[in-house]
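Shown next, in structure tokens, is the structure this report addresses.
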Amino acid sequence: MNLFDTVVVVDWSGGNERGRAPSKDAIWACVARKGVSDAPVYLRNRQLAEVWLHELLEAELAAGRRILAGFDFPFGYPAGFAAAVTGCADPLELWDWFEARIEDAPKANNRFDLAAEINRGFGGKGPFWGNGLARDIDALPRTKAAYHNPFPERREAEQHAKGAFACWQMAGAGAVGSQVFMGLPVLARLRRAFAEHLAVWPFEEPERDIALVEVWPSLTVSAAREGVIKDAHQVAELAQKISGLAPEVLNQMLSVSAPEEGWILGLGHEAHLAALPEVGGELQPPPLRNDCFALPAGVDWTPVEEALKLLQARLRPVVGQEEVSLLQAGGRILASDLLALRANPPHPNTAVDGWGFDATDIEVGPQSFRAVSGRSAAGKPFEGVVPKGSAVRVLTGADLPHGVDTVVLDEDVAVGDGEIAFHGPLKQGANTRRAGEDVAMGALALASGRVLTPADLALAAAVGHGALPVFLRLRVAVISTGDELVEAGDVAGPGQIFDANRPMLLRMAERWGYVPVDMGRVADSRTALRDTLDQAAREADVILTSGGASAGDEDHVSALLRETGALQEWRIALKPGRPLALGVWNDTPVFGLPGNPVAALVCALVFARPAMGILSGAGWSAPQGFDLPAGFSKRKKAGRREYLRARVRDGRVEVFQSEGSGRVSGLSWAEGLVEIGDDAQDISPGDRVRYIPFGSFGL
Ligand code: AMP
Ligand code: MG
């Protein structure tokens with residue numbers, strides 16, 4: 001019964017606020033679902049972390065999802081401590097006891113004083129030791145030299161966790177003691193807020209919608225990754241691994257009895273955790289389900305919009321990830337949110353060549369300043385302080401020296417011997433750029449799924465990234481089917497035609513940033529087609545076929561997909577569009593496009609393109625259309641959507657003279673499509689119609 005939809009792992013911190021720049025030793029959290037983690041979240045102080053957690057738990061509850069939240073500090077102390085402090089062995093009473101006494105603000109808290117107060121109750125030499133403050137605190141030894149601990153040094157769990165720190169140490173590297181003091185009050189408040197929805201493991205049965213558990217990221221460390229903050233990587237990895245556990249394994253991990261001291265989730269099951277996929281390089285998402293293309297049962301034609309909604313809901317990325325240098329990242333798809341490692345601009349600087357000074361109290365009328373010798377140039381800042389009443393020469397892009405908040409333009413200044421003059425007033429801050437006015441440190445610079453443009457590379461560079469996590473390129477296999485097909489340029493015998501779809505579809509895949517995989521032509525033979533599909537499923541992430549997708553004798557694509565039980569014949573209310581067969585072959589999605597080149601192109605643009613957007617990690621995208629006056633007339637019945645080959649001339653939309661589905665010349669003539677809605681329409685010249693240029697489809 002212990003199945004959690006969502007897992008969040010939090011790397012807690014007992015210290016003070018860490019600033020806006022994502023840094024180690026701060027709080028990091030990461031959410032994972034179904035064995036795949038999101039990007040780690042940086043929380044610079046506990047107050048923000050508490051709000052974030054509260055909102056996350058609320059949102060998950062509201063969405064009807066069960067959530068397991070792991071924290072990397074002990075939920076209990078060694079046996080005897082809780083009873084000695086509160087008079088009751090229940091560790092959750094101790095949580096409330098701490099909650100009532102800890103005072104916490106981003107930059108100060110009373111943890112050392114509270115540790116000393118507890119020590120005083122036990123003779124003043126322990127159990128707590130370590131003082132991170134400059135002032136001495138009576139009854140809190142700085143070191144273990146004169147230390148006496150009336151309780152066991154470690155919990156049972158820590159006997160099994162090699163390298164885990166004892167909870168009595170309040171300061172120094174790895175001091176778990178402070179994390180417990182500063183963590184339990186937050187958990188106590190969450191517990192109160194979510195009351196009957198929340199259980200604290202292992203003190204309570206984790207059978208409610210929210211389970212709080214103790215974790216220890218070092219249980220399953222994979223090698224440190226260059227350029228990645230260790231804490232961030234660890235929470236992502238552990239969250240992903242826990243969420244990828246089989247229910248029976250997680251159940252086993254959760255069936256522990258440690259009513260007073262608590263336990264570390266996964267202790268004793270390290271091998272299971274180690275075997276699960278790591279975050280980054282090796283990550284391969286689970287295969288798609290066979291029924292992912294199923295349409296609602298019934299005999300009716302499915303409207304295009306409904307079919308698209310289904311695709312959008314059922315698909316997800318099928319590619320792994322890698323890290324590439326910024327210079328190689330153009331056109332690739334960003335695999336996680338990119339936070340600014342540095343503000344842009346990093347320091348206040350000048351936007352013009354001129355003179356810089358402190359503009360406090362400047363008024364209307366003539367102004368004069370003493371000229372300081374030296375200057376500030378881009379990359380060569382002025383090192384000294386500019387005293388009030390003095391000005392220094394500054395060049396565009398230079399950091400503002402200390403004592404300078406405003407710059408006056410060269411052109412507005414008269415320069416004399418050792419002084420400068422200009423006419424006031426001048427607004428304080430004029431001609432300068434504030435630090436972070438473009439992007440603040442730690443802010444989201446680029447969102448996961450972004451197809452990286454040249455400008456995105458500039459932004460990523462400006463905020464400090466030299467390498468980017470990207471999805472592996474989606475490999476798109478293209479197969480043409482039909483006995484009548486010969487390769488373009490070869491000799492065509494009677495009844496034969498040249499394969500026109502394959503060059504078109506391969507080039508489309510390439511234009512969309514994918515890796516085209518040419519599987520050639522296959523005759524109308526089930527064995528041959530089966531072999532080619534097998535090979536395509538090995539070499540590609542998605543398969544596009546054309547031809548053979550109807551229900552006729554020679555329609556082997558649909559026949560084979562039906563055999564494996566994974567065919568969905570899509571009866572879509574679309575012209576040109578029939579027939580479309582969607583299926584899954586050896587875990588690889590197959591788009592069985594119609595053979596007619598016009599229908600193959602329209603179906604590829606309307607269905608395969610947005611679907612492949614999701615498979616590739618870029619996400620769903622609807623093409624941008626424009627309403628323009630028609631330069632044609634057309635009558636159409638209700639009940640299906642139509643796409644006509646079109647282009648714009650003199651501000652009007654023209655359509656190709658024939659709607660014939662085999663007319664390849666019309667495809668080449670067209671520069672876009674006109675989309676005519678499902679309802680009946682009687683279009684006359686001048687009526688507004690929706691034109692979608694091929695550029696909007698990424699061609
Ligand atoms: P099918 O869907 O296999 O019944 O094919 C429908 C029509 O499209 C037939 O006229 C085929 O000859 C034609 N066709 C199929 N595949 C191609 C191709 N790769 N290039 C050009 N025409 C094709
Ligand atoms: Mg055919």
Side-chain angles (χ1 to χ4, degrees), residues 293 301 307 476-511 516-533 535-536 540 542-563 567-583 585 590-609 640 642-645 656 658-670 699:
F293 293 125
W301 293 85
V476 183
V478 176
I479 305 171
S480 287
T481 72
D483 283 339
E484 73 278 31
L485 301 179
V486 289
E487 192 72 7
D490 286 357
V491 180
Q496 294 192 310
I497 62 168
F498 296 114
D499 177 5
N501 290 343
R502 215 171 87 248
M504 175 174 78
L505 294 170
L506 284 167
R507 177 58 188 147
M508 276 162 75
E510 197 178 356
R511 276 298 285 256
V517 181
D518 183 4
M519 303 303 300
R521 290 166 289 108
V522 188
D524 286 320
S525 134
R526 217 158 284 192
T527 338
L529 185 58
R530 186 181 284 121
D531 288 349
T532 309
L533 284 173
Q535 194 191 339
V542 55
I543 302 170
L544 303 184
T545 66
S546 69
S550 307
D553 293 349
E554 295 297 334
D555 290 318
H556 300 287
V557 173
S558 38
L560 276 175
L561 289 175
R562 192 177 301 115
E563 243 173 52
L567 169 78
Q568 306 297 335
E569 271 164 279
W570 276 32
R571 289 159 56 82
I572 302 197
L574 170 70
K575 182 188 169 191
R578 295 186 57 201
L580 188 63
L582 286 90
W585 187 268
V590 181
F591 286 83
L593 303 171
N596 275 310
V598 177
L601 178 115
V602 167
C603 286
L605 294 187
V606 175
F607 295 108
R609 175 181 166 272
R640 72 172 177 201
E642 291 196 23
Y643 287 95
L644 308 180
R645 284 150 282 178
F656 191 60
S658 154
E659 292 183 15
S661 189
R663 302 263 190 135
V664 185
S665 72
L667 278 183
S668 167
W669 170 92
L699 294 184

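We count ligands from 1, going down the list as the structure has it; atoms in each ligand are counted the same way. Numbers here are sequence positions counted from 1.
- The nearest protein atom to atom 14 (N) of ligand 1, hydrogens excluded, is given as Gly595 O, 3.3 Å; this is a heavy-atom distance.
- With hydrogens left out, the protein atom closest to atom 18 (C) of ligand 1 is Asn501 ND2, 3.3 Å, a heavy atom.
- Residue, atom and distance of the protein heavy atom nearest to atom 20 (N) of ligand 1 are Ala500 N, 3.0 Å.
- In plain terms, the two heavy atoms of Val522 and Thr532 that are nearest each other are CG2-OG1, 3.5 Å.
- Looking at atom 4 (O) of ligand 1, its nearest protein heavy atom turns out to be Asp555 OD1, 4.2 Å.
- Checked for salt-bridge contact, Glu659 and Lys575 meet the test: a charged N lies under 4.0 Å from a carboxylate O.
- Heavy-atom minimum distance, Trp585 versus Arg530: CZ2-CG, 3.7 Å.
- The shortest heavy-atom contact between Leu667 and Met504 is CD1-SD, 4.1 Å.
- Heavy-atom proximity to Phe498, at under 4.0 Å, picks out these atoms of ligand 1: 20 (N), 21 (C).
- Across every non-hydrogen atom of Ser546 and Leu505, the tightest pair is CB-CD1, 4.3 Å.
- By the 3.5 Å distance cut-off applied to N or O atoms, Glu484 is counted among the residues near ligand 1.
- Contact atoms of ligand 1 toward Gly548: 1 (P), 2 (O), 3 (O) (distance under 4.0 Å to a heavy atom of the residue).
- Counting protein heavy atoms only, atom 22 (N) of ligand 1 is closest to Ile497 CD1, 3.5 Å.
- With Asp518 contributing its side chain and Gly520 its backbone, the two residues share a donor-acceptor pair below 3.5 Å.
- For ligand 1 and Asp499, the ligand atoms under 4.0 Å from any heavy atom of the residue are 18 (C), 19 (N), 20 (N).
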| Is there a side-chain hydrogen bond (donor to acceptor under 3.5 Å, both in side chains) between Ser480 and Asn501 once you walk through the steps? | CA-CA 7 Å; Ser480 287; Asn501 290 343; 5.5 Å; no
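- In terms of protein heavy-atom proximity, atom 10 (O) of ligand 1 is closest to Asn596 OD1, 4.4 Å.
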